[in-house]
Amino acid sequence: MPEVNFNQYYRYAAIAKILQDYADQFPNLIDLHSIGKSYEGRDIWVLAVTNTATGDATEKPALWVDGNIHATELAPSSVCLHLLHTLVKGYENDPNITRCLDTRAFYICPRVNPDGAELALADSPQFIRSGTRPYPYDSLDKNEFLSEEDIDEDGRILMMRIPDEHGAWKISPADPRLMVRREPTEVDGQYYRLLPEGRIDHYDGVLIPPQLNQEGLDFNRNFPFLWRQESEQPGAGPYPTSESEVRSVVAFMTTHPNITGAIAFHTMSGVLLRPYSHQSDEKFPIDDLRTYQVIGEKGTELTEYPAASIFSDFRSDNTSYASGAFDDWAYEHQGVFAWTVEVWTPLRYAGIRDYHYVDWFREHPLEDDLALLRWSDEELGGKGYIDWYAFEHPELGKIELGGWDEMYFWRNPPHHLLEKEIQRFPQWLVWHLLISPRLELYQASVKPLGNETYRVRFVVHNTGWLPTYVTQKALQQKLVRGCICSISLPEGATLETGKIQEDVGQLEGRAYQPSAPTWYVTDITKERAKVEWIVRAPSGGVAALEARHNRAGVVRTEVVLQAD
């Protein structure tokens with residue numbers, strides 16, 4: 001088995017080597033290829049994982065899994081590596097994984113954004129949202145502004161605590177390390193201004209304007225559905241899929257119609273998020289909403305993460321919404337069930353429950369901070385919250401550095417907890433793929449009719465839980481072609497009745513059955529399709545039959561045209 005440690009974060013070259021090692025060691029299960037280049041020219045690697053002996057990945061229902069589209073969100077790459085490891089280790093040992101890879105395929109993209117991740121993992125890190133292409137500023141004016149960076153070169157970007165009689169913060173009486181808000185009418189105390197660690201270029205001694213981010217792109221606002229320009233949606237880029245990283249993902253998914261579901265891993269909050277971002281559940285086709293809820297309930301059971309609506313539970317305020325996101329696009333334009341999984345939250349580890357994923361960061365009780373601080377002390381040896389220490393700032397003079405270590409504590413799991421956190425997901429991902437539609441042979445037969453004519457019957461059925469069209473959205477928007485059945489005749493044969501190729505439509509699954517049988521339940525055979533042909537041919541000829549559905553796979557068989 002390739003060497004991989006799930007208690008560390010890997011830079012690009014190391015991840016590329018790990019992926020190649022897996023592909024070299026398991027050529028029967030893994031095909032590794034690049035789907036495009038990043039802005040700085042790094043390959044965006046995708047692994048097709050399936051048992052190639054039972055068919056090519058493109059002819060099987062597939063699940064897309066990606067990670068690290070945002071620069072500092074590194075744990076999702078580890079989620080993808082751990083999934084890969086679990087699949088190859090479990091094949092022929094775990095019955096669900098074995099059945100999954102024999103009949104279906106995973107497409108795994110561990111690092112959508114290699115350039116941004118390299119900055120986050122650098123010895124002297126820089127934290128940006130997504131890619132390194134300058135946007136929206138080609139260059140920055142030589143005016144004063146805060147430039148977030150590791151000014152003391154210790155490999156961390158912390159907070160700066162600056163004495164200021166007009167500052168909004170004071171030292172907490174409950175713990176001198178913590179900062180709390182100054183009361184509205186409070187005066188005559190020791191107060192501070194808090195800023196991210198960094199320089200203030202061209203500081204005039206008075207003003208500290210906000211940071212101007214020359215790398216302001218947000219790849220998860222650059223997808224085509226509901227894309228909005230920069231003035232409405234910061235980070236969206238100049239046009240949909242303007243960024244090569246996003247364009248590579250969109251091109252791959254749109255040219256692989258066998259993809260039946262998509263999961264994008266992010267950090268942080270510890271929640272399984274589903275569309276919509278811009279509207280409430282009432283706008284869903286009812287069967288899609290119910291199916292999303294079933295998938296989410298199973299996800300909660302297997303991962304212990306709650307499932308939530310982005311619109312209802314993950315907005316920063318009720319008057320705005322994020323748009324141009326991957327999950328909305330994958331559901332709305334591709335017609336598949338798509339999820340955003342926010343990996344990790346220290347809140348639950350510290351015993352904090354029933355918090356709002358977004359509002360907590362605006363308003364929460366001091367007891368929560370104390371609980372987090374205790375957990376950092378006891379579990380992390382104090383590495384989550386750094387005691388304030390003196391520093392001579394090149395522009396501000398004597399200040400202190402310290403506070404929460406964002407990358408180590410908030411943005412990603414601490415190294416020794418990484419494996420514990422990411423091992424939650426493979427079982428749910430395998431289950432998610434196993435519910436996909438699956439086209440299989442039900443019957444293939446020949447009945448001699450005399451005078452060298454034969455009736456050929458070909459019956460296929462969908463043995464998957466989901467229907468072949470996967471979502472009602474796909475059906476409504478005509479995103480998926482029906483099941484195509486065809487016959488290839490032997491030399492010298494003629495087709496007397498029927499068509500060489502016939503579209504038999506969509507095949508239902510078992511997804512929309514009620515929870516218990518009642519008087520109106522009828523198990524009619526909507527999951528089956530039958531085609532019959534009358535063929536005239538010399539005895540002994542072989543007719544090849546094929547059924548193909550973009551999302552449900554391919555069935556091939558042969559029948560011999562001869563009398564009993």
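Bear in mind that the values here come from a model prediction, so they are computed numbers and not experimental data.
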- Item | Distance (rounded to the nearest 0.5 Å) between I422 CD1 and S78 OG | 5.0 Å
- Message: Apply side-chain contact (heavy atoms from CB on, under 4.5 Å) to residues Q334 and I259 and explain how you reach the verdict.
- Response: CA-CA 9 Å; Q334 300 304 108; I259 292 174; over 6 Å; no
- Taking NZ, NE, NH1 and NH2 as the nitrogens, is one of them in E59 or R548 under 4.0 Å from a carboxylate oxygen of the other? yes
- Answer yes or no: is there a donor N or O on one side and an acceptor on the other, between the side chain of T50 and the main chain of A57, under 3.5 Å? no
- Is S309 reaching over with its side chain to a backbone N or O of S312, donor-acceptor style, under 3.5 angstrom? yes
- Query: What pair of heavy atoms forms the shortest contact from L19 to L47, and how long is it?
  - Reply: CD2-CD1, 3.8 Å
- Query: Any cation-pi pair here, R221 with F326, using under 6.0 Å and within 45°?
  - Reply: no
- Message: How long is the straight-line distance from CZ of R99 back to OG1 of T103, given to the nearest 0.5 Å?
- Response: 6.5 Å
- Ignoring hydrogens and angles, state whether a donor on the side chain of E282 or S280 is under 3.5 Å from an acceptor on the partner side chain. yes
- Which atom of T463 lies closest to which atom of R510, heavy atoms considered: O-NH1, 3.1 Å
- Query: Taking atom types as modelled, is there a side-chain donor on H333 or Q477 under 3.5 Å from an acceptor on the other?
  - Reply: no
- Check: F284 main-chain N/O paired with D288 side-chain donor or acceptor under 3.5 Å: no
- Check for a donor-acceptor pair, side chain of S242 on one end and backbone N or O of G237 on the other, with a separation under 3.5 Å. no
- Message: Over 60° means perpendicular and under 30° means parallel, so tell me whether W64 and F252 are parallel, tilted or perpendicular.
- Response: tilted
- Task: Quick one: sort the W431 and W465 rings into parallel, tilted or perpendicular, breaks at 30° and 60°.
- Result: tilted
- What orientation do F314 and Y357 show, parallel under 30°, tilted 30 to 60°, or perpendicular over 60°? tilted
- Item | Proximity of Y9 and H415 rings by center, below 6.0 Å | yes
- Message: Just verifying a value: how many Å separate I69 CD1 and N222 CG, rounded to the nearest 0.5 Å?
- Response: 8.5 Å
- Do Y469 and E508 meet the criterion of a side-chain donor-acceptor pair at a distance under 3.5 Å? yes
- Determine yes or no for a side-chain-to-main-chain donor-acceptor pair under 3.5 angstrom, with Y454 supplying the side chain and V560 the backbone. no
- Query: Does OH belonging to Y408 count more than 12 external heavy atoms closer than 6.0 Å?
  - Reply: yes
- Message: Tell me if a side-chain donor or acceptor on K530 pairs with a main-chain N or O of Q443 at a distance below 3.5 Å.
- Response: no
- E332 bridged to K473 by N-O distance under 4.0 Å: yes
- Item | Which atom of L429 lies closest to which atom of L63, heavy atoms considered | O-CD2, 3.5 Å
- Task: Would you mind checking if E245 and R247 are paired as a salt bridge, meaning a charged N to carboxylate O distance below 4.0 Å?
- Result: no
- Note on the structure: Looking only at heavy atoms, the pair that brings D115 and Y39 closest together is OD2-N, 3.3 Å
- Query: Would you say the side chains of D21 and Q25 form a donor-acceptor pair under 3.5 Å?
  - Reply: no
- Item | Pair R104-S436, side-chain donor/acceptor within less than 3.5 Å | yes
- Short N-O contact, R274 and D328, less than 4.0 angstrom: no
- Would you call E301 and K298 a salt bridge, taking side-chain N to carboxylate O under 4.0 Å as the test? yes
- Query: Does the pair E118/R11 count as a salt bridge with the N-to-O cut at 4.0 Å?
  - Reply: yes
- Message: Parallel, tilted or perpendicular: which one describes the rings of H278 and F225, with boundaries at 30° and 60°?
- Response: perpendicular
- Message: Tell me if the aromatic rings of Y276 and Y331 count as close, with their centers under 6.0 Å from one another.
- Response: yes
- Query: Cut-off 3.5 Å, side chains only: do D327 and W329 have a donor facing an acceptor?
  - Reply: no
- L347 backbone acceptor or donor facing T345 side chain under 3.5 Å: yes
- Message: With no hydrogens and no angle check, just 3.5 Å: does a side-chain donor-acceptor pair link N113 and N68?
- Response: no
- Message: Side chains of E92 and T98 only: does a donor on one sit below 3.5 Å from an acceptor on the other?
- Response: no
- Correct closest heavy-atom pair for R348 and R353 would be O-NH1, 2.9 Å
- Query: Is a side-chain N or O of H549 found less than 3.5 angstrom from the main chain of R551, in a donor-acceptor match?
  - Reply: yes
- Item | Distance-only side-chain donor-acceptor flag, E342 / T267, under 3.5 Å | no
- Between H266 and N220, does a side-chain contact (heavy atoms from CB on, under 4.5 Å) hold up when you go through it step by step? CA-CA 10 Å; H266 291 237; N220 206 34; 3.7 Å; yes
- Query: Is the NZ or CZ atom of R111 both under 6.0 Å from the centre of the six-membered ring of Y12 and within 45° of that ring's axis?
  - Reply: no
- Neighbour count above 12 (heavy atom, 6.0 Å) for Q427 CD: no
- Message: Working note: L29 + Y91, criterion side-chain contact (heavy atoms from CB on, under 4.5 Å); need CA distance, chi angles, decisive distance, verdict.
- Response: CA-CA 9 Å; L29 294 178; Y91 186 72; 4.0 Å; yes
- Query: Y349 vs W344 aromatic rings, parallel, tilted or perpendicular, using cut-offs 30° and 60°?
  - Reply: tilted
- Query: Is it true that the side chains of D43 and H33 contain a donor and an acceptor less than 3.5 Å apart?
  - Reply: no
- Check: P61 main-chain N/O paired with T260 side-chain donor or acceptor under 3.5 Å: no
- Message: What I'd like to find out is whether the side chain of M268 reaches to under 4.5 Å of the side chain of V343, using heavy atoms alone.
- Response: no
- Return yes if some donor-acceptor pair links the side-chain N/O of T300 with the main-chain N/O of E304 below 3.5 Å, else return no. no
- Evaluate side-chain contact (heavy atoms from CB on, under 4.5 Å) for F458 paired with T557, printing each intermediate quantity in order. CA-CA 9 Å; F458 186 34; T557 191; 4.1 Å; yes
- Where is the tightest heavy-atom contact between V480 and T468, given as atom of each residue plus distance? CG1-O, 4.4 Å
